[in-house]
Number of protein chains: 2
Amino acid sequence: MPFHSKFYQKKVQHKRFYCAVDFAFQRIGGKYKGRILWALRDGTLRYGELRRHIEGVTTKMLTQALKEMERDRLISRNVIATKPLHVEYSLTPSGKLLIPFIDLMRVWGEHEINNLHSP
Amino acid sequence: MPFHSKFYQKKVQHKRFYCAVDFAFQRIGGKYKGRILWALRDGTLRYGELRRHIEGVTTKMLTQALKEMERDRLISRNVIATKPLHVEYSLTPSGKLLIPFIDLMRVWGEHEINNLHSP
DNA sequence: CCGTATCCGAATAGATACTG
DNA sequence: CAGTATCTATTCGGATACGG
């Protein structure tokens with residue numbers, strides 16, 4: 001049960017936030033959360049599939065981000081008791097609300113990347 | 001000249017990024033950049049005014065964020081040679097493109113804050 | 001008024017090894 | 001397969017003092 005493991009106990013408390021923008025950035029900030037949300041936009045992915053989508057991530061950082069996002073109800077975690085174990089991740093309704101936003105970021109990012117050497 | 005000071009030289013190189021989402025989060029991630037963009041949405045603010053808008057920020061962090069955002073062409077910096085000095089900050093066209101995005105974040109954040117104790 | 005500089009602790013991130 | 005644990009390196013962020 002992730003909510004009781006020692007591993008989980010880090011960062012259970014949010015820092016104080018001063019406004020809604022601050023709050024939102026605390027929830028989807030960090031190095032990988034945006035990319036995780038984006039990877040899950042079309043449905044369900046297993047842990048290992050996510051790991052391959054998010055190039056460069058370690059198990060430690062991926063697990064940590066996933067636990068925080070589960071706690072914050074952005075994603076849900078579903079264990080399938082096959083052998084070996086399968087674990088599926090997908091967006092919650094709240095998480096799905098963020099997809100248009102991530103998409104805006106992506107479009108803006110592509111635009112900026114294309115203009116990097118011609119400003 | 002900020003582009004030549006020792007202070008500026010930190011973080012001149014971006015880390016490697018793997019996709020546009022990653023790129024975008026590197027540019028507006030961090031603790032204060034979202035709030036700075038939001039504060040400048042309606043026009044120009046001076047350094048001290050910004051500082052009062054972004055409650056809790058220190059001069060170090062504000063200056064650092066402003067320099068990075070200037071380097072990334074999200075904001076522009078205008079020095080007015082009065083005495084004492086005035087320095088005005090405003091959004092560039094590229095920075096203005098991010099406002100709808102920040103607004104989405106803010107709306108989502110307010111929605112989430114309201115549902116924190118009734119999930 | 002608008003920053004710079006320095007010190008230092010906290011938080012974040014990576015590498016590596018190991019387990020049910 | 002899906003993590004956990006540990007150790008270390010790097011980065012971030014706050015406090016404080018000072019300067020043009």
Side-chain angles (χ1 to χ4, degrees), chain A residues 1-18 22 25-26 28-36 44-70 75 77-89, chain B residues 1-18 22 25-26 29-33 35-36 44-70 75 77-89:
Chain A
M1 268 153 189
F3 277 84
H4 299 92
S5 75
K6 181 188 171 192
F7 194 81
Y8 177 77
Q9 292 301 328
K10 291 181 186 174
K11 209 178 173 184
V12 168
Q13 294 286 334
H14 279 113
K15 298 163 196 162
R16 185 182 168 198
F17 51 86
Y18 297 94
D22 199 20
F25 271 84
Q26 280 185 33
I28 66 148
K31 199 165 178 179
Y32 300 109
K33 290 185 183 177
R35 289 161 75 192
I36 292 172
T44 294
L45 287 179
R46 300 227 311 268
Y47 184 86
E49 294 173 320
L50 261 175
R51 195 142 78 99
R52 282 184 288 280
H53 268 76
I54 317 288
E55 196 184 339
V57 76
T58 60
T59 59
K60 180 194 168 190
M61 296 314 295
L62 181 56
T63 302
Q64 190 174 305
L66 289 171
K67 286 202 189 310
E68 290 178 14
M69 293 168 78
E70 186 193 4
I75 61 176
R77 180 177 181 270
N78 182 28
V79 180
I80 301 170
T82 54
K83 199 162 197 278
L85 217 62
H86 285 202
V87 181
E88 295 180 342
Y89 291 92
Chain B
M1 267 152 190
F3 277 83
H4 300 93
S5 74
K6 180 187 171 190
F7 194 81
Y8 176 77
Q9 293 301 329
K10 290 182 188 174
K11 210 178 174 183
V12 167
Q13 293 288 333
H14 280 115
K15 297 163 196 161
R16 186 180 167 202
F17 51 87
Y18 296 95
D22 200 19
F25 272 85
Q26 279 185 35
K31 198 166 176 178
Y32 300 108
K33 290 185 182 176
R35 289 160 76 192
I36 291 171
T44 293
L45 287 178
R46 300 227 314 267
Y47 184 87
E49 294 173 320
L50 262 174
R51 195 142 80 97
R52 284 184 287 280
H53 268 77
I54 319 287
E55 195 183 340
V57 76
T58 60
T59 59
K60 179 193 169 190
M61 297 313 297
L62 180 56
T63 301
Q64 189 175 305
L66 289 171
K67 285 204 191 309
E68 290 178 13
M69 294 167 77
E70 185 192 6
I75 62 175
R77 178 176 183 271
N78 182 28
V79 181
I80 301 171
T82 53
K83 197 158 196 263
L85 218 60
H86 285 202
V87 181
E88 295 181 340
Y89 292 92

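Because the structure is predicted, anything quoted here is derived from the model rather than measured. Chain letters run A, B, ... following the sequence lines, proteins first and then strands; every chain starts at 1.
As judged by a 4.0 angstrom heavy-atom cut-off over every strand, A/R51 is placed among residues making no nucleic acid contact.
Of the candidates D/dC1, D/dG3, C/dG3, C/dG3 carries the atom nearest the B/Y47 side chain, counting heavy atoms from C-beta on. Checking D/dA2, C/dG3, D/dT4 against the side-chain heavy atoms of A/H86 singles out D/dA2 as nearest.
In this structure, the separation between CG on B/L50 and CZ on B/R35 is 11.5 Å, given to the nearest 0.5 Å. Residue B/K33 holds its NZ atom at 9.5 Å from CE of B/M61, rounded to the nearest 0.5 Å. In this structure, the separation between CG on A/L45 and CZ on A/R51 is 14.0 Å, given to the nearest 0.5 Å.
Take the nearest nucleotide of DNA chain C for B/E49 and for A/P84: the residue whose nucleotide is more 5' is B/E49.
Counting to the nearest Å, the P atom of D/dG13 and the CZ atom of B/R35 are 12 Å from each other. Rounded to whole Å, atom C1' of C/dC1 lies 13 Å from atom CG of B/L62. Regarding B/R77, its CZ atom lies at a distance of 10 Å from the P atom of C/dC2, rounded to whole Å. Nucleotide C/dT12 holds its C1' atom 14 Å from the CD atom of B/Q26, rounded to whole Å. The CG-P distance, from A/L45 to D/dC1, rounds to 15 Å in whole Å. The CG atom of B/L85 sits 11 Å away from the P atom of C/dC1 (whole-angstrom rounding). Protein atom CZ of B/F25 is 16 Å distant from nucleotide atom P of C/dT12, rounded to whole Å. The separation between A/K67 atom NZ and D/dG3 atom P is 6 Å, rounded to whole Å.
One finds a side-chain N or O of B/Y89 lying less than 4.0 angstrom from the OP1 or OP2 phosphate oxygen of C/dG3. Under 4.0 angstrom from either OP1 or OP2 of D/dA2 there lies at least one side-chain N or O belonging to A/R46.
Taking 4.5 Å as the limit, every side-chain heavy atom of A/I36 sits out of range of all side-chain heavy atoms of A/V57. No side-chain heavy atom of B/N78 sits under 4.5 Å from any side-chain heavy atom of B/T44. Using a 4.5 Å heavy-atom cutoff, the side chains of A/E70 and A/L66 are not in contact.
Partners of B/Y47 according to the side-chain hydrogen bond (donor to acceptor under 3.5 Å, both in side chains) rule, which considers only residues two or more places apart in sequence or in another chain, are B/T63. Residues forming a side chain to side chain contact (heavy atoms under 4.5 Å, CB included) with B/R46 (at least two apart in sequence, or on another chain): B/E49, B/H86, B/E88. For B/Y89, the side-chain hydrogen bond (donor to acceptor under 3.5 Å, both in side chains) test picks out B/R77, with sequence neighbours left out.
Between its opening and closing five pairs, the helix from C/dC1-D/dG20 to C/dG20-D/dC1 changes axis direction by 60°, a value rounded to 10 degrees.
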### Query
Reading nucleotides 13-18 of chain C 5' to 3', which nucleotides get B (base under 4.0 Å from a protein heavy atom), which S (sugar-phosphate only), which -?
BBB---
